[in-house]
Amino acid sequence: MDHHYDGEENDYMQQEDDWDRDLLLDPAWEKQQRKTFTAWCNSHLRKAGTQIENIEEDFRDGLKLMLLLEVISGERLAKPERGKMRVHKISNVNKALDFIASKGVKLVSIGAEEIVDGNAKMTLGMIWTIILRFAIQDISVEETSAKEGLLLWCQRKTAPYKNVNIQNFHISWKDGLGFCALIHRHRPELIDYGKLRKDDPMTNLNTAFDVAEKYLDIPKMLDAEDIVGTARPDEKAIMTYVSSFYHAFSGAQKAETAANRICKVLAVNQENEQLMEDYEKLASDLLEWIRRTIPWLENRVPENTMQAMQQKLEDFRDYRRLHKPPKVQEKCQLEINFNTLQTKLRLSNRPAFMPSEGKMVSDIANAWGNLEGAEKGYEEWLLNEIRRLERLDHLAEKFRQKAAIHEAWTEGKEEMLQQRDYEIASLSEIKALLKKHEAFESDLAAHQDRVEQIAAIAQELNELDYYDSPSVNARCQRICDQWDALGALTQKRSEALQRTEKLLETIDQLYLEFAKRAAPFNNWMEGAMEDLQDTFIVHTIEEIQGLSTAHEQFKATLPEADKERQAILGIHNEITKIVQTYHVNMAGTNPYTTINPQEINTKWEKVRQLVPQRDQALIEEHARQQNNERLRRQFANQANVIGPWIQTKMEEIGRISIEMHGTLEDQLNHLRQYEKSIVNYKPKIDQLEGDHQLIQEALIFDNKHTNYTMEHIRVGWEQLLTTIARTINEIENQILTRDAKGISQDQLNEFRASFNHFDRDHSGKLGAEEFKACLISLGFDIANDSQKRTGMMDAEDFRACLISMGYNLGEAEFARIMSIVDPNRMGVVTFQAFIDFMSRETADTDTADQVMASFKVLAGDKNYILADELRRELPPDQAEYCIARMAPYKGPDAVPGALDYMSFSTALYGESDL
């Protein structure tokens with residue numbers, strides 16, 4: 001039976017109507033199709049346990065063709081003929097072709113006879129028709145199907161890969177990157193895509209085909225050589241191969257979805273089973289705990305002691321506070337878990353959970369009720385038993401407390417009563433001991449009731465059969481025996497104290513009289529010794545004369561003092577006589593004083609020795625004060641002459657430095673004559689220093705005969721020498737400035753006249769407060785002294801002076817000038833600074849540019865200079881000075897050893913750092 005293909009009715013094979021013509025054009029395609037179709041068929045036939053070796057031979061009997069269709073369709077075909085005859089084979093092939101036609105495929109020029117006869121072209125065409133129908137037609141991507149759908153799927157999956165561009169099913173796959181990209185997109189762990197190269201198609205194709213066969217169960221349908229060695233690979237072979245990738249990955253996605261559904265169902269089931277196990281375990285643990293706890297709560301065996309019963313109560317409180325609350329939580333959680341589990345089972349269509357026998361919620365509730373019943377009865381029993389023991393223990397504790405208080409009170413009392421401390425005590429101590437003993441007797445009587453109470457409690461404990469009665473009885477007997485002993489000792493000590501008191505009262509009266517008279521006499525002697533030994537410091541003859549008069553008055557009181565000493569010693573002798581007569585044990589000393597006869601005699605002898613020593617000291621001090629007065633007058637006579645002389649010279653030098661009499665040389669000569677006369681005055685200063693040395697050695701600190709101190713004279717002398725030297729230096733500097741700058745004497749006079757004119761003290765005086773401070777520091781009397789010119793102008797005076805001389809000053813320009821004349825920002829301008837500035841403004845001076853130009857001449861018009869050139873043109877010391885300070889030259893025309901004379905020149909004038 002022949003089958004014919006109607007081109008107008010088929011909607012998915014129109015583009016394939018020239019497949020046989022293409023085979024005729026390129027035999028290589030037949031080879032690719034044979035290999036690809038064979039591998040594709042075997043990928044399905046393996047599921048039925050068979051395969052083919054030769055595609056046109058192995059389908060001739062129609063049996064494997066029918067088997068292939070059953071595998072790929074999942075349907076059963078008509079029963080095949082098992083005969084070997086041609087008619088049987090044709091029948092089987094027709095059955096296969098009829099099944100294909102039943103799926104909407106109309107065949108053209110493909111008959112059963114051609115297949116049975118092994119026509120390769122017809123056989124390949126048939127297999128391609130099967131592949132199109134069962135592997136490609138059902139592919140659907142974004143409303144496109146079959147070939148277009150497969151191509152769109154490939155383009156979507158490879159879009160992230162920039163070196164892959166799938167436009168067809170032939171040359172787009174030649175470099176192998178398309179196959180690798182499909183695998184990497186779905187299974188990135190199988191291929192290291194970053195290591196692939198577009199110019200190595202053999203490696204790319206082999207990698208893709210090997211990985212697909214090994215991990216994706218896609219048989220190797222082509223060899224890399226088949227694709228690389230063909231200008232245009234067979235489209236049908238490539239489509240077949242690519243469709244296997246599509247189905248492999250889409251199948252994996254379906255399997256994943258199915259697995260997720262199964263996992264979800266299993267997870268619900270596992271969760272429910274876990275909840276069931278948790279319930280069973282929690283119920284078992286809780287019931288076991290209840291089973292173990294109830295016997296403990298039902299134990300009613302009492303303890304003998306309160307401590308043991310309190311421990312039972314503490315254990316019960318621990319049970320209520322620590323052990324039971326977690327179990328209450330477990331019971332609540334058990335009920336919650338049970339209800340949650342039943343709800344989950346109902347929602348997931350599972351049967352309700354039935355716990356094991358005896359573990360129902362109701363069983364647990366019953367067991368819990370039994371626990372609470374036992375708990376309540378146990379607590380009531382504990383409280384009743386504790387109350388009973390509490391009553392008995394209270395009585396025993398009362399006995400122990402009273403006994404302990406009594407024993408603590410009696411501790412040491414027997415030893416105290418047996419003391420013989422009264423034998424060595426003074427009268428006051430005896431009276432204190434008597435008072436103390438009377439207080440003890442009162443306390444002893446008060447404790448009689450406690451002893452009786454202790455005995456009564458012990459009797460009551462014996463009657464109640466207290467478990468520790470033997471120790472109570474023994475303790476009570478010891479207390480009663482001790483009480484009788486204390487009474488006897490108390491009476492004996494009272495008699496001894498009263499007898500001793502009478503013996504000491506007589507002696508005490510004599511002690512008191514001795515103390516009353518010895519104390520003031522002892523104080524008089526101590527004061528006298530202190531006065532006689534006191535070091536005195538006097539500064540005048542009048543003061544030493546006053547001390548001598550007071551000493552003579554003191555010596556006149558000594559005979560009367562000696563009579564008082566004899567009377568005091570007589571009282572002590574009387575005390576000694578009484579002690580010896582009545583054999584009184586005088587263990588202590590006089591309680592009213594620490595003074596004794598030996599001390600009185602010793603101090604009296606000391607006073608007698610100090611009187612003549614004091615006489616000699618006063619005589620010596622009187623002579624010393626007379627000598628000090630002579631030294632004061634000697635120093636004052638000289639200082640009162642030297643001080644005014646220094647002040648006069650200072651004023652004269654000030655006038656010379658400001659007034660303009662004669663030339664600068666005349667002023668200089670005049671000042672040097674002054675300097676010579678001042679230096680010649682030095683011996684008088686030295687003589688005064690010698691007198692001052694004598695005053696210091698005599699420790700004389702004041703001198704009413706003069707207002708000058710040596711420090712004042714020294715400061716004035718040093719200021720005088722400094723002033724004359726500074727003034728001479730200023731005149732010399734003015735001469736140097738005049739000669740160096742080419743300034744005439746008239747110009748200097750003009751500068752000085754202008755400076756003086758704008759000095760605001762037209763009287764030639766300092767400000768009142770400044771001048772006063774200067775005079776005070778020198779020790780001068782400033783009542784009517786004259787003041788002098790300052791020799792300086794403040795900033796405003798200096799500015800007015802400059803304007804008067806033709807300067808047009810803005811704020812910035814004046815600030816610049818002030819920075820020159822007042823670099824230390826003192827706010828004043830000296831005449832020397834004024835002269836320097838005016839000289840700079842009016843004279844021609846060297847500049848940095850002029851020095852720089854001179855160096856350029858020496859350097860032969862170069863921008864740098866060499867060390868040899870400096871040594872050749874300059875004196876040796878000046879050449880070495882320049883070489884040591886010139887920086888290396890860094891310009892583009894620099895040579896080794898080149899020196900920068902430009903920066904050196906600017907540094908010389910302070911325009912940069914040297």
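Model, not experiment: these values are computed from the prediction.
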For this session: Could you note down all residue pairs passing salt bridge (charged side-chain N to carboxylate O under 4.0 Å, His left out) where residues 715-725 supplies at least one of them, sequence neighbours left out?
Result: none
Do [X] side-chain atoms and [Y] backbone N/O form a donor-acceptor pair below 3.5 Å?
X	Y	result
R400	L395	no
N627	A623	no
T557	Q553	no
R493	Q419	yes
N522	A518	no
T549	Q545	yes

Exercise. What pair of heavy atoms forms the shortest contact from A639 to I713, and how long is it?
Worked result: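 Smallest heavy-atom distance, with atoms named: O-CD1, 4.4 Å.
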Counting only heavy atoms not in [X] (residues, nucleotides, ligands), do more than 12 fall under 6.0 Å from its [atom1]?
X	atom1	value
E411	CD	no
K413	NZ	yes
R420	CZ	no
R608	CZ	no
E530	CD	no
H705	NE2	yes
E629	CD	yes

Exercise. Parallel, tilted or perpendicular for F635 and H692, by the 30°/60° rule?
Worked result: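 Tilted, since the angle between the ring planes falls between 30° and 60°.
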Exercise. Yes or no on side chain to side chain donor-acceptor pair (under 3.5 Å) for Q477 and D481, after CA distance, side-chain angles and deciding distance?
Worked result: CA-CA 6 Å; Q477 187 61 44; D481 294 343; 3.1 Å; yes
I'd like to check the ring pair (Phe, Tyr, Trp, His ring centres under 6.0 Å) partners of [X]; sequence neighbours left out, ordered by chain and number.
X	answer
Y674	H670
Y681	W645
H551	none
W604	none

Exercise. Step by step, would you call R565 with D562 a side chain to side chain contact (heavy atoms under 4.5 Å, CB included)?
Worked result: CA-CA 5 Å; R565 180 181 68 86; D562 188 42; 2.9 Å; yes
Exercise. What residues, two or more places apart in sequence or in another chain, satisfy side-chain contact (heavy atoms from CB on, under 4.5 Å) together with N637?
Worked result: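 Expected list: none.
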Problem set entry | Pair T490-E441, side chain to side chain donor-acceptor pair (under 3.5 Å): steps then yes or no | CA-CA 7 Å; T490 299; E441 288 176 331; over 6 Å; no
So, do [X] and [Y] sit near enough that their side-chain heavy atoms are less than 4.5 Å apart?
X	Y	result
I595	I600	yes
N590	H572	no
Q638	K684	no
K606	Q533	yes
K682	W717	yes
I479	T410	no
H437	L433	no
V679	K676	no

Exercise. Between K555 and D615, does a side chain to side chain contact (heavy atoms under 4.5 Å, CB included) hold up when you go through it step by step?
Worked result: CA-CA 10 Å; K555 289 193 293 184; D615 291 336; 3.4 Å; yes
Problem set entry | Intermediate values then yes/no, ring-ring contact (aromatic ring centres under 6.0 Å, His included), W409 and F440 | CA-CA 11 Å; W409 180 84; F440 174 75; 5.7 Å; yes
Distance (rounded to the nearest 0.5 Å) between [X] [atom1] and [Y] [atom2]:
X	Y	atom1	atom2	result
K704	R632	NZ	CZ	8.0 Å
L721	I685	CG	CD1	9.0 Å
T709	I695	OG1	CD1	10.5 Å
L510	Y592	CG	OH	11.0 Å
L382	K312	CG	NZ	7.0 Å

Problem set entry | Worked check of side chain to side chain donor-acceptor pair (under 3.5 Å) between D315 and Q311 | CA-CA 6 Å; D315 292 342; Q311 184 59 47; 2.9 Å; yes
Problem set entry | Flag for N384-R387: side-chain donor and acceptor within less than 3.5 Å | yes
Exercise. For Q693 and E697, what are the C-alpha separation, side-chain angles and deciding distance, and is it a side chain to side chain donor-acceptor pair (under 3.5 Å)?
Worked result: CA-CA 6 Å; Q693 180 66 28; E697 292 174 356; 3.2 Å; yes
Qualifying residues under side-chain hydrogen bond (donor to acceptor under 3.5 Å, both in side chains), relative to [X], sequence neighbours excluded:
X	answer
Q673	none
E620	Q616
Q310	none
E414	none

For this session: Apply the test side chain to side chain contact (heavy atoms under 4.5 Å, CB included) to residues R714 and E689: give CA-CA distance (whole Å), side-chain angles for both, the deciding distance (0.1 Å), then the verdict.
Result: CA-CA 9 Å; R714 288 195 195 105; E689 284 282 4; 2.8 Å; yes
Problem set entry | Residue pair Q625, N628: steps toward the side chain to side chain contact (heavy atoms under 4.5 Å, CB included) verdict | CA-CA 5 Å; Q625 288 301 324; N628 288 351; 4.0 Å; yes
Problem set entry | Residues which pass salt bridge (charged side-chain N to carboxylate O under 4.0 Å, His left out) with E675, listed by chain and number, not counting sequence neighbours | none
For this session: Output every pair passing ring pair (Phe, Tyr, Trp, His ring centres under 6.0 Å) with a member in residues 472-495, not counting sequence neighbours, ordered by first then second residue.
Result: H406-W483
